[in-house]
2 protein chains.
Amino acid sequence: HQQLRDQALEKASLDATTSDGKRIQVFANIGSPGDADQALANGAEGIGLFRTEFLYLENDHWPTEEEQIKAYSHVLKAFQNKPVIIRTLDIGGDKDLPYANLPKEDNPFLGHRAIRYCLANPAVFKTQLKALLRSSIHGDLWIMLPMVENLSEIQETKSLLDECRRELTQKNIPFAETIKVGIMIEVPAAAIYADVLAKEVDFMSIGTNDLTQYTLAADRGNEQVAHLYDAAHPAVLRLVKKTCEAANQAGIIAGMCGELAGDTMMAEILIGLGLHELSMSAGAIPEMKEQVRQIHSTSAQKRADEALLQGSADAVRQSVNPSF
Amino acid sequence: HQQLRDQALEKASLDATTSDGKRIQVFANIGSPGDADQALANGAEGIGLFRTEFLYLENDHWPTEEEQIKAYSHVLKAFQNKPVIIRTLDIGGDKDLPYANLPKEDNPFLGHRAIRYCLANPAVFKTQLKALLRSSIHGDLWIMLPMVENLSEIQETKSLLDECRRELTQKNIPFAETIKVGIMIEVPAAAIYADVLAKEVDFMSIGTNDLTQYTLAADRGNEQVAHLYDAAHPAVLRLVKKTCEAANQAGIIAGMCGELAGDTMMAEILIGLGLHELSMSAGAIPEMKEQVRQIHSTSAQKRADEALLQGSADAVRQSVNPSF
Ligand SMILES: [Mg+2]
Ligand SMILES: [Mg+2]
C-alpha cells in the first residue's frame, strides 16, 4: 500500500482525468492559512473550502478587517490564480463562540447558526465581507455562504455585499470585480430546489456532512444513531444528483466539499452523479487523483443510476465494494 | 365568521368532494381514546393519526398489553369499519419518558427516537405490536411507523410483527389478517426515495411538522429560527409531491397528518400536489370540508405547479392569499 501511496504522490501534481478523458478537479479543504502550502504540495488545484472559523475561535474579540485580510490574502497569493473558495462564518451548531453570545438551544444543529447568525448580525457579517472584498485583488476569490435554505438569504447577502462595495469605493479602496458568490448545499431544501437557487448564484458546493445529518435526521456526532448516519444513503445521493443537474442547467459549477468527496470507494458513483470538482483534506488528494484515473465515466454513470435505487447506504457500499 | 362555522358544522357529516367531483377524505388526529367521539361528531371519516404516547407518558411503568388493548379497541370500536391509523411509540426528540432511560443528547430531534428506539428495544416494541394485533379484530386497523429513514427499519418491524403473529397463533389468540402497515414520511430521506420505500408498505402519511424542521434545518420549537420554519416552503411541497407520485405509482395511499394538512389556505395547493387524504385536529374538519368543496382540481394543480417554483414559503403563501 505504501508503494501505491508513493506512486500517487509522484503524480499528484498532474491533472486527474477519467480513463475516457473527463477532467475532474481535485481541491483541498483547509482550516487555516498555514495549510495552504501542504495543499499545494499534495496537488490541490484550488481550495474548495477555506473555513474561516479559526479567525474567530482563536481570538477573544471579533477579528478586525485587517486581521482577516492577512489570512485570506495569504491563501489567495499562495494559490495565485487558482480558485480559492472562502466560506463565510459558520458558527453555532457544534461551534460555540463565547463572545458572540449565542443562545442556548435544545437542538443547536437545527438552530441559529452560520448564515442565519450572520444576517442577524450585519455588523459582524459586513466586516468579513469587506475583508473578503479587499483580499480579492490578490487572487481568484469565490465567496461561499453556509446553511442557505432560501432565496432571500442569498439576496440579503448580495445587498450587504453591494453596500460594502459602495463603502469601499467611496474610500477608493480597490477590490476585484469578478468575485463569484456561491452557496453550500447542506440544508436538504437547498438541494431539493437547487434549480431555483442556482439562478441567483455562481456556484454550488455540496457539504455532505450536514446534508447527510439533516436528510437522515441523524446527528453526525451522536453514537446512538451512528448506524443510520452515512452519506452513501441513496436519498443523499439523489440530492447530489439533483444539485448537479440544477447547476448544469444553470451553467454554473457544482462541487462537493464534505467527507464523502474524499471517499475513494465512492468516487466512481460521485463522478457518475455528475460532479466535476471534489474537495478534500490535502492528504487524500494524491490517492483520489489516482482513483479518478481508473474510472470510466460510462460505467460510473451506470453505477450511480443503480445506487439511486438501493434501499440503504450499506447496499450502496456493497455495490462498489462486495467485501464491505 | 361564526355563521360560516355553523354552516360548515352542519355539513360536516357529508363527504368532501371538490367542485369537479374529486373525493378528498378528511380524517382526525387524536391523542387519546377520549378524543374519538369528538372526532366523529366533527365528521372525521377515519383517524389519520392516533398518537400512542399518552399510554406511556401517563404511567410510571411500561403499559401492559392489556392496558394498550383497552385504549386501541375503544377507538377501533367507535370508528366501526372506518380506518384507524395508530402510530407506534414516538418517544425521544422533545418527548422524554423517565423510565425509558433515554440518553442525554446534544440534538435530541436528530437522535435516538421513535422507530429507532423501538427497534433497539424489541421487548417494548413487541408488547405494543401484540396489543395492536389483538385489537385489530375490533375494526379497521392500520399500523404506522414514525421516523422511518430506510428500508431495513420497515423490514425489521415486519419481522417482529411476524414473530408476534406466530406467538399469538400458538396461544390461539385471534387477530385480523388484513392489517395495513405503513410509514410516516417525516425524515427527508423517506420522501426523497419514497418510490423505494413504497414497495414495502401499504400506505404513507406525510408528517409535515418533522419533515419541515429537517428539510429546512430549523427546530420547530426554536424562536430564533421561527422565521425560517414554514411547511409552505417550496422544497417541502416538492417532497409532498414526490411522496404522492411514489404512492400513486405503487398503488398505495398517501395522506398527510401534520399541521399543514389542517391549513385551509394551503388546501388548494395540497390537493393540487396529489393528496387524497388530510388528517387534522377534529375542530378543523368542518371548515376543511367546506374549503375542499370550493376547490377545482384543475386550478389546484396549476397553483401547486406554480408553488413548486417559488423562492420561499412567503412567496407561496402570497400566491394563495395576496393579503398575507
Ligand atoms: Mg456545515
Ligand atoms: Mg414526528
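Lettering of chains follows the sequences in order, A, B, ..., and the numbering in each one begins at 1. Side-chain atoms are counted along with the backbone in the values below, which use heavy atoms only and exclude waters and symmetry mates. Being a predicted model, the structure only gives us computed values, none of them experimental.
Side-chain atoms of A:Tyr193 come within 3.5 Å of backbone atoms of B:Gly311 as a donor-acceptor pair (strictly under, hydrogens ignored). In this structure, the side chain of B:Asn150 does not engage the main chain of A:Ser312 through any donor-acceptor pair within 3.5 Å.
Using a 4.5 Å cut-off between heavy atoms, B:Glu153 touches chain A through its side chain atoms alone.
Nearest heavy atoms, B:Phe109 versus A:Asn107: N-OD1, 2.8 Å.
Side-chain contact check for A:Ile192 versus B:Leu239: some heavy-atom pair is nearer than 4.5 Å.
Heavy-atom proximity under 4.5 angstrom to chain B picks out A:Thr215, A:Leu216, A:Ala217, A:Ala218, A:Asp219, A:Asn222, A:Gln224, A:Val225, A:Leu228, A:His233, A:Pro234, A:Ala235, A:Arg238 from residues 215-238 of chain A. Residue-level contacts of residues 93-106 of chain B with chain A, in order of numbering, are B:Pro103, B:Glu105, B:Asp106; threshold 4.5 Å between heavy atoms.
The distance from the CG atom of A:Asp195 to the CG atom of B:Leu308 is 9.5 Å, given to the nearest 0.5 Å.
Heavy atoms of other residues, nucleotides or ligands lying less than 6.0 angstrom from CD of A:Glu259 number 12 at most. By the neighbour-count criterion of 12 heavy atoms within 6.0 Å, atom CD of A:Gln249 is sparsely surrounded, having that number or fewer from other residues, nucleotides or ligands. Residue-environment remark: NZ (A:Lys158) exceeds the threshold of 12 foreign heavy atoms within 6.0 Å.
Listed by chain and residue number, nothing satisfies the salt bridge (Lys or Arg N to Asp or Glu O under 4.0 Å) test with A:Glu186 (two or more places apart in sequence, or in another chain). Among residues two or more places apart in sequence or in another chain, the salt bridge (Lys or Arg N to Asp or Glu O under 4.0 Å) test is passed with B:Asp305 by B:Lys241.
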